[in-house]
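Just so you know, these numbers use all the heavy atoms, side chains as well, and skip hydrogens, waters and symmetry mates. So that the names make sense, note that chain A is the first sequence line, chain B the second, and so on, each numbered from 1.
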2 protein chains.
Amino acid sequence: MRIGELAKATGIDVETLRYYERIGLLHPPSRQVNGYRTYDQDAVERANFIRHCRALDMGLNDINRLLGLASKPEADCSGVNRLLDEHFARVRTKLESLRILEKQLARLRNQCDIAHKVSDCGILREFIAAAHGEACTCHSSSSSAS
Amino acid sequence: MRIGELAKATGIDVETLRYYERIGLLHPPSRQVNGYRTYDQDAVERANFIRHCRALDMGLNDINRLLGLASKPEADCSGVNRLLDEHFARVRTKLESLRILEKQLARLRNQCDIAHKVSDCGILREFIAAAHGEACTCHSSSSSAS
DNA sequence: GCTAGACCCTGTAGCTGCTATAGGGTCAAG
DNA sequence: CTTGACCCTATAGCAGCTACAGGGTCTAGC
């Protein structure tokens, strides 16, 4: 199996596969006489494993750690759980701040309904007021970001 | 006002201020004889404007466009609204995919409650099954990501 | 035999938004 | 005259790719 076929089989771009190899996430495959990479079934599974983790938005470092943990079937799986919990916590934190951000933007968007002159635009006024250090609608009492 | 004072006044790091200047987001300030940058009140406001936009997670390019739009008070503000709407849409999209991701991770996390051997870990089994192309709990019917 | 096009190779630069050095200059207080 | 806080430039690094440049290889069709 050549790199293009692996790319199709896994949905990972060819360039990305080479990149994963360069950073040590994929094992360097054997080569044909012409220098082309040839992959076996193990490589397909490893690549799919990585793709699944990326779909869960895990970092490449975490994925590498996870692959290491997964390769020791007799070990304790608490490391796996810890890794996943950390990632889960990060995702929830990000989700929360994005929720707040969405509310802020919604409030800001409400400041200008119809098109008019820039100098009268409620949205821009908010920006300029905030730049003067005044209170703004989007970042009023109920939210945490500044 | 020197760069350190501007940094304190705006909450933007000194390095970041210099970076903003380098990429053309902040105007190059005048210099003292010793080469130190000196800022006026306009610079403070521009920096605060930028900071506010960053707090709304806008990209530096968008901020630059917005600053350009804001500098023409007689123009039509529809460009401002379009810019904000685009950003708003991006934020909502990201929020939605993060919501899905959170559910996926929660489902996955449920596969392993107590610590045991890696070979028996429900979480890892999910990863391995997915790598084999089988269905996984986290990416079952109800969600869109793969 | 020769060419077009699809595939492969390496190496390097670019993207975003900083952050962190290295290696220097300036200035006021003690 | 030294210490320490501040300032300067220039460059490299982070994540996770993506996109070249500039080559080689292989197959099909003429």
Side-chain angles (χ1 to χ4, degrees), chain A residues 1-26 28-39 43 46-47 49-67 83 86-87 90-91 94 97-98 101 145-146, chain B residues 1-26 28-39 43 46-47 49-67 86-87 90-91 94 97-98 101 145:
Chain A
M1 183 178 246
R2 293 194 309 194
I3 198 165
E5 299 169 87
L6 180 61
K8 258 182 209 140
T10 60
I12 303 174
D13 196 84
V14 168
E15 299 294 329
T16 306
L17 286 170
R18 283 198 277 250
Y19 169 69
Y20 285 170
E21 179 185 331
R22 212 160 52 238
I23 62 166
L25 201 52
L26 284 177
S30 52
R31 302 280 185 143
Q32 290 173 344
V33 269
N34 57 16
Y36 288 13
R37 291 168 177 82
T38 34
Y39 296 95
R46 195 175 172 94
F49 189 108
I50 293 168
R51 196 176 92 97
H52 191 225
C53 294
R54 287 296 299 144
L56 294 170
D57 205 30
M58 298 174 69
L60 299 183
N61 245 330
D62 278 359
I63 298 174
N64 221 347
R65 277 169 62 202
L66 195 56
L67 279 163
L83 197 152
E86 282 166 22
H87 180 55
R90 276 194 299 270
V91 167
K94 208 168 165 187
S97 61
L98 216 54
L101 178 58
S146 63
Chain B
M1 184 179 245
R2 293 195 308 194
I3 198 165
E5 299 169 87
L6 180 61
K8 257 182 210 141
T10 60
I12 304 174
D13 196 83
V14 169
E15 300 294 329
T16 306
L17 286 170
R18 283 199 277 249
Y19 170 68
Y20 286 170
E21 179 184 332
R22 212 159 52 237
I23 62 168
L25 200 53
L26 284 177
S30 52
R31 302 280 186 143
Q32 290 173 343
V33 270
N34 56 18
Y36 289 13
R37 291 168 176 83
T38 35
Y39 297 95
R46 195 174 171 95
F49 189 107
I50 294 168
R51 196 176 92 97
H52 191 225
C53 293
R54 287 295 299 142
L56 294 168
D57 205 30
M58 298 175 69
L60 299 183
N61 244 330
D62 278 359
I63 298 174
N64 221 349
R65 277 169 62 204
L66 195 57
L67 280 162
E86 283 165 21
H87 179 55
R90 277 194 300 268
V91 167
K94 208 169 166 187
S97 60
L98 216 54
L101 178 59

**Report entry** Global bending angle along the helix from dG1(C)-dC30(D) to dG30(C)-dC1(D), which compares the axes of five pairs at either end, to 10 degrees
**Finding:** 30°

Calculate, to the nearest 0.5 Å, the distance between atoms [atom1] and [atom2] belonging to [X] and [Y] respectively.
X: F49(B); Y: H52(B); atom1: CZ; atom2: NE2; answer: 9.5 Å
X: Y20(A); Y: L60(A); atom1: OH; atom2: CG; answer: 5.0 Å
X: M58(B); Y: L66(B); atom1: CE; atom2: CG; answer: 5.0 Å
X: D62(B); Y: E86(B); atom1: CG; atom2: CD; answer: 7.0 Å
X: T16(A); Y: R22(A); atom1: OG1; atom2: CZ; answer: 10.0 Å

Query - Integer-rounded Å distance: dC7(D) C1' and Q32(B) CD - result: 10 Å

Query raised in the report: Is any side-chain heavy atom of I63(B) less than 4.5 Å from a side-chain heavy atom of L67(B)?
Result: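 Counting from C-beta outward, I63(B) and L67(B) do come under 4.5 Å.
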
**Report entry** H87(B) side-chain N/O to L56(B) backbone N/O, donor-acceptor pair under 3.5 Å
**Finding:**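 Checked: pair present.
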
Report summary line: Correct closest heavy-atom pair for L25(A) and R46(A) would be O-NE, 2.9 Å

Query raised in the report: How close do P29(A) and E21(A) get, heavy atom to heavy atom, and via which atoms?
Result: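 In this case the closest contact between P29(A) and E21(A) is CD-OE1, 3.5 Å.
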
**Report entry** Positions of residues 57-65 of chain A (non-hydrogen atom under 4.0 Å from DNA chain C), listed by number
**Finding:** none

Interface polar pairs with nucleotides 24-27 of chain C, N/O, under 3.5 angstrom:
{"residue": "dG25(C)", "atom": "N2", "partner": "Y36(B)", "partner atom": "OH", "Å": "2.8"}
{"residue": "dT26(C)", "atom": "O4'", "partner": "Y36(B)", "partner atom": "OH", "Å": "3.3"}
{"residue": "dC27(C)", "atom": "OP1", "partner": "N34(B)", "partner atom": "ND2", "Å": "2.9"}

Query raised in the report: Does a side-chain N or O from R37(A) land closer than 4.0 Å to OP1 or OP2 of dT25(D), or not?
Result: no

Query raised in the report: With respect to the phosphate group of dT10(C), does any side-chain polar atom (N or O) of R31(A) fall under 4.0 Å of OP1 or OP2?
Result: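 Yes.
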
Query raised in the report: Which of residues 5-24 of chain B have a heavy atom under 4.0 Å from DNA chain D?
Result: R18(B)

Query raised in the report: What residues, two or more places apart in sequence or in another chain, satisfy side-chain contact (heavy atoms from CB on, under 4.5 Å) together with S97(A)?
Result: none

Side-chain donor-acceptor contacts of residues 3-11 of chain B below 3.5 Å, not counting sequence neighbours, with atom names and distances?
{"residue": "E5(B)", "atom": "OE2", "partner": "R2(B)", "partner atom": "N", "Å": "2.9"}
{"residue": "T10(B)", "atom": "OG1", "partner": "L6(B)", "partner atom": "O", "Å": "2.8"}
{"residue": "T10(B)", "atom": "OG1", "partner": "I12(B)", "partner atom": "N", "Å": "3.2"}

